[in-house]
Amino acid sequence: MNFELTKEQAMIQSAVREFAEAEIAPLAAQLDKESRFPIEVFQKMGKLGFLGLPIPEEYGGAGADNISYCLAVEEIGHACGGTGLSYEAHVSLACVPLLLYGTEAQKQTYLTPLASGEGIGSFGLTEPGAGSDAGGTRTTAVLDGDEWVINGNKIYITNGGYAKTVVLTAVTDKENRGISAFIVPTDTPGFSTSKPYDKMGMRASNTVELILENVRVPAENLLGPLNGGFKQFLSTLDGGRVAIAALAVGIARSAFETALGYAKQRHQFGQSISRFQAIQHKLANMAMHIDLARNAVFKAAWLKDQGKPYTLEASYAKLFASEMCTDTCNQAIQILGGNGYMKEYPVERHLRDAKLIEIGEGTSEIQRLVIARQLGC
Amino acid sequence: MDILVLLKQTFDTEERITVENGKVKEDGVRFVINPYDEYAVEEAIRLKEEHDGTVTILSIGPSRTEEAIRTALAMGADEAVLADDESLFGDEYTAAKVLAAMVKVRNYDLIIGGNQAVDDGSGQVAVRLAEELGIPHISTLTKLEINGTEVVGHRDAEGDVEVVTATLPVLVTAQQGLNEPRYPSLIGIRKAGKKPLTHVTAADLRLSPEDLTARTEIVETYLPKPKEAGRILQGEMNDQVKELVHSLTNVEKVVG
């Protein structure tokens, strides 16, 4: 067993950290305030190979492993939660299903532009009647000659308003609840998006509703086997869970660093508040939880890199890291006291960003369900 | 165009320096490419992109220097040579001798170094190397243009600009403002691991003990005194001036 990063992983971590600290962190407060998606940051990240980090080189990616990718998500999330979420959704939810289930031609046509940073990808699963229960999907795809005609609405879709390509699910066999995945270029007639949602947190991330009215895509835009969509997105979400757990670690680390720095500076009763046991215990718990969550992320990512089953570990990581993140950000506000409640300090934003991770890509309740099922319950 | 870049790994300028047992403590310190050398790397890669050719990194330092070299390779340099044999470490005099021996076995049109290293800040090694090689040098460049074999360098001359022309081969050193170094791409990082990095020893370079004997000696290493609060002089202007002169000559002893 070896807990040391490889030289390459360490270099990727340090390169992403340097970029994120210089190019993203200074924007974070403003992006949150204005609810603005930093498209210019994504263009820069695209040129530097971030947007296809774990995608093989033959499809425009950098060909790095999942541990490297999780390190990158943590660093970007550390700089800005919303930017981290959009980055994670692009890679884990749009690029990865294309890589896993796409034909060679689909990969060349749709994955390469996303992985090489020419465009941003998006994943459309959630609907008004289908969240945790994907069986409630109402969007339909009907084969008409050599084209699929897609109709329906998708809600809460990350990156939807900026995406070049969307991977989405639609019912293809109503009687047997058969769901399939499709690749939809966003310039297809009939495809439109709503105004971005006004969200509690993750406000730098673009979230919209997708509206599909008689969207016609060629028959070959079916992704993976017909009626195989259910299995596909379950495995897509497994990979996403590891990465979004890394995002939680990044946000929590940011809140913790602010709290630690503040506790050392802030004087009450003639000494810095970091000398008080009440504050020390909070900081000790925060540091410990962040480290444990990161280890859970690394273990799940490592299993994935080794080609071993990691569904259970992905849920452990996602569940623990997301709840840990909310708790850590909450405690950070407590340490900063009145200042923590003010927008002048970043920790209230961290808490608002953190809460999403307990909901998106499988709620905490679903994670516990996945874990219980893996235990044979 | 074949370009050689002189690169030193130095402390991250944001690190806090601590002195222990008369030496700067290195434990847990983050090391980076000397910032002036990073301009040199960037300039070399830009020239390569414009004129074709190769960029080779030359470095002297302990094995940890590999990290800085890999970063330069990830930015776009082609290969690197590292003199990490401890018997090659000395002062500016020996560094120039070692680099000259490393340079003499290769073809080059241009050598670029940083104006100085941020750790010891001597600003000597690159220009000494030019002397060793018998080629001209232009130091502290804020702009470099190359047309054929004609070189035009804009020097930062204490706030003024001095325009100097030369003919290849030439050695130049980079000043802040020469360019904005790029971030290494993640694809670049993955490729950097496969680019050639050669290690050389004193035996490979055939240097004599004479060449490797430092001409300077570090007598003492200490931190500057912590800054103290200033003092505002009071009273008549004439008296203030007298007191100021007295303080500078006798108390602070900064005026002889």
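Because the structure is predicted, anything quoted here is derived from the model rather than measured. Order of the sequence lines sets the chain letters (A, B, ...), proteins ahead of strands, with each chain counted from 1.
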So with a 6.0 Å cut-off around [atom1] of [X], is the heavy-atom count from everything else above 12?
X: A/Lys164; atom1: NZ; result: no
X: B/Glu79; atom1: CD; result: yes
X: B/Leu223; atom1: CG; result: yes
X: A/Glu104; atom1: CD; result: yes
X: A/Glu40; atom1: CD; result: yes
X: B/Lys191; atom1: NZ; result: no
X: A/Gln265; atom1: CD; result: no
X: A/Arg275; atom1: CZ; result: no

Contacting moiety of B/Arg182, where chain A heavy atoms sit under 4.5 Å = neither

So which part of A/Ser68 gets closer than 4.5 Å to some heavy atom of chain B, the side chain, the backbone, both or neither?
-> neither

Please flag which part of A/Ile12 lies under 4.5 Å from any non-hydrogen atom of chain B: side chain, backbone, both or neither.
-> both

Considering only heavy atoms and a distance below 4.5 Å, find which of A/Ala64, A/Ala72, A/Ala15, A/Ala10 pairs most often with chain B.
-> A/Ala64

If you count heavy-atom pairs under 4.5 Å with chain B, which of A/Gly49, A/Ala62, A/Ala22, A/Gly52 comes out on top?
-> A/Ala62

Output the distance between atom [atom1] ([X]) and atom [atom2] ([Y]), rounded to the nearest 0.5 Å.
X: B/Thr71; Y: A/Met11; atom1: OG1; atom2: CE; value: 4.0 Å
X: B/Arg190; Y: A/Asp65; atom1: CZ; atom2: CG; value: 7.5 Å
X: B/Leu186; Y: A/Phe19; atom1: CG; atom2: CZ; value: 9.5 Å
X: B/Ile189; Y: A/Ser14; atom1: CD1; atom2: OG; value: 7.0 Å

Looking only at heavy atoms, the pair that brings A/Glu23 and B/Tyr183 closest together is OE2-OH, 2.8 Å

Hey, is B/Glu67 close enough to A/Lys7 for a salt bridge, meaning N to O under 4.0 Å?
-> no

